[in-house]
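Presented below is the structure to which this report refers.
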Amino acid sequence: MSRTKVIPIPVLGWHAINAYLLVGRRPVIVDAGIPGSGRKIYDQIAAHGVDPSDVSLIILTHGHIDHFGSAAELHRLTGAPVAGHVADLGPYRTGRVREPYLPIGPMGRLMDRNKNLHAQAEPVEPGVLISGETSLEVFGVAGRIMPTPGHTAGSVSVLTDEGDLVAGDLIANSFMGLIPGKPANPPFHDDPRQNLTSLRAMLALGPTALHVGHGTALEPDRVRRWAEREHDRLSRLESAGRLTHRTQDAEEPSR
């Protein structure tokens with residue numbers, strides 16, 4: 001199978017919100033941006049010389065509105081099926097994220113006031129349900145979908161056979177991509193400890209680069225060093241009884 005090329009598709013600002021185009025034997029889209037951005041993603045795909053009608057799959061990394069907001073529109077425009085993890089079917093089917101958001105720090109608390117993050121997107125019904133590691137070979141890409149829970153219960157990443165990890169919100173660039181190359185948490189995590197476990201599991205697979213939902217690609221060794229510091233930070237919060245997470249069956253945070 002041909003080598004997979006990973007192409008960022010900026011949806012908002014200079015990589016403040018990204019979708020991705022994976023080009024192998026057939027093209028695959030990862031993430032669908034905010035509501036109303038389907039045509040923008042479609043046009044950028046065409047600008048890269050790819051016929052959008054050739055897209056074989058639209059993969060959603062998780063059920064936050066800036067990642068699945070235009071999935072239904074992209075499905076109509078391309079005709080490609082949508083893939084999503086079963087644990088995030090609620091947001092996909094209702095168009096509403098799980099509330100409340102659980103901010104990581106000051107940036108998250110500030111962004112939580114943005115009404116656009118609490119809006120309703122057009123619901124989408126994934127035609128490809130993900131519950132475990134899933135090969136993308138049948139969709140024309142040398143790679144696999146990897147469950148990486150923590151940011152949300154149904155978060156996934158895509159790992160190509162060449163080692164590119166399209167990581168959604170497993171990790172981000174600092175200040176929503178404004179400081180490129182500096183690893184940081186995204187504004188929210190449903191379960192920070194589980195997310196860190198998922199991140200470390202992906203790093204153990206030896207990725208060559210981490211392509212994220214917010215910002216430019218991150219260098220794995222720098223992410224590893226950040227992960228060590230994050231482990232220590234979470235341990236301090238846990239010891240103080242201040243580590244918040246969402247329980248599986250509840251919408252309210254638990255401690």
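In what follows, every heavy atom counts, from backbone to side chain, and hydrogens, waters and symmetry copies are set aside. The shown structure was predicted, so the numbers you read here are calculated from the model rather than taken from an experiment.
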So does [Y] get a backbone contact from the side chain of [X], meaning a donor-acceptor N/O pair under 3.5 Å?
X: Lys40; Y: Val11; answer: yes
X: Thr152; Y: Gly150; answer: no
X: Tyr101; Y: His189; answer: no
X: Thr160; Y: Asp164; answer: yes
X: Asp31; Y: Gly33; answer: no
X: Ser157; Y: Met146; answer: no
X: Ser56; Y: Phe139; answer: yes
X: Gln120; Y: Thr94; answer: yes

Considering residues at least two apart in sequence or located in another chain, which fulfil the side chain to side chain donor-acceptor pair (under 3.5 Å) criterion with [X]?
X: Thr78; answer: none
X: Asp232; answer: none
X: Arg39; answer: none
X: Asp191; answer: none

Measuring from [X]:[atom1] to [Y]:[atom2], what's the distance to the nearest 0.5 Å?
X: Thr61; Y: Tyr20; atom1: OG1; atom2: OH; result: 10.0 Å
X: Ile41; Y: Leu77; atom1: CD1; atom2: CG; result: 9.5 Å
X: Ser70; Y: Tyr42; atom1: OG; atom2: OH; result: 14.5 Å
X: Ile145; Y: Ile59; atom1: CD1; atom2: CD1; result: 4.0 Å
X: Leu234; Y: Gln194; atom1: CG; atom2: CD; result: 12.5 Å
X: Ile9; Y: Leu21; atom1: CD1; atom2: CG; result: 5.5 Å

[X]: which residues meet the side chain to side chain contact (heavy atoms under 4.5 Å, CB included) condition with it, sequence neighbours left out?
X: Asp161; value: Ala142
X: Arg109; value: Pro103, Pro106
X: Ser235; value: Arg193, His231
X: Ser198; value: Thr148, Pro149, Leu170

Are [X] and [Y] connected, step by step, through hydrophobic side chains (Ile, Leu, Val, Met, Phe, Trp, Tyr) whose heavy atoms are closer than 4.5 Å?
X: Trp226; Y: Leu218; result: yes
X: Leu110; Y: Ile65; result: no
X: Leu237; Y: Leu199; result: yes
X: Leu74; Y: Ile7; result: yes
X: Ile104; Y: Ile17; result: no

Which residue pairs satisfy the salt bridge (Lys or Arg N to Asp or Glu O under 4.0 Å) criterion with at least one member in residues 212-222, sequence neighbours excluded?
Asp221-Arg224

Show the numbers, then the answer: is there a side chain to side chain contact (heavy atoms under 4.5 Å, CB included) between Val158 and Leu165?
CA-CA 6 Å; Val158 176; Leu165 184 71; over 6 Å; no

Looking only at heavy atoms, what is the nearest atom pair of [X] and [Y], with distance?
X: Leu60; Y: His67; result: CD2-O, 3.8 Å
X: Pro126; Y: Val124; result: CD-O, 3.4 Å
X: Leu57; Y: Ala83; result: CD1-CB, 3.9 Å
X: Glu99; Y: Arg246; result: O-NH1, 3.5 Å
X: Thr208; Y: Glu162; result: CG2-O, 3.6 Å
X: Ser37; Y: Ile34; result: OG-O, 2.6 Å

Can you check salt bridge (Lys or Arg N to Asp or Glu O under 4.0 Å) on Arg76 and Glu122, steps first, answer last?
CA-CA 12 Å; Arg76 286 193 300 273; Glu122 182 180 357; 2.6 Å; yes

Establish, from distance only, whether the side-chain atoms of [X] and [Y] form a donor-acceptor pair under 3.5 Å.
X: Asn18; Y: His15; value: yes
X: His64; Y: His151; value: yes
X: Asn173; Y: His214; value: no
X: His245; Y: Asp190; value: no
X: His118; Y: Asp112; value: yes

Tell me every residue that passes salt bridge (charged side-chain N to carboxylate O under 4.0 Å, His left out) with [X], counting only those two or more places apart in sequence or in another chain.
X: Arg93; value: Glu125
X: Arg200; value: Glu228
X: Glu73; value: none

Does a side-chain heavy-atom distance below 4.5 Å link [X] with [Y]?
X: Val28; Y: Val55; answer: no
X: Val141; Y: Arg26; answer: no
X: Pro91; Y: Arg98; answer: yes
X: Thr134; Y: Val128; answer: no

Decide yes or no on side chain to side chain contact (heavy atoms under 4.5 Å, CB included) for Val82 and His75, but give the supporting numbers first.
CA-CA 7 Å; Val82 173; His75 169 64; 4.0 Å; yes

Just say parallel, tilted or perpendicular for the rings of Tyr92 and Phe68, cut-offs at 30° and 60°.
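Aromatic pair Tyr92/Phe68 classed perpendicular.
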
Go through the steps for His62 and Asp169 under the test side chain to side chain contact (heavy atoms under 4.5 Å, CB included), then give the verdict.
CA-CA 8 Å; His62 63 281; Asp169 279 0; 3.4 Å; yes

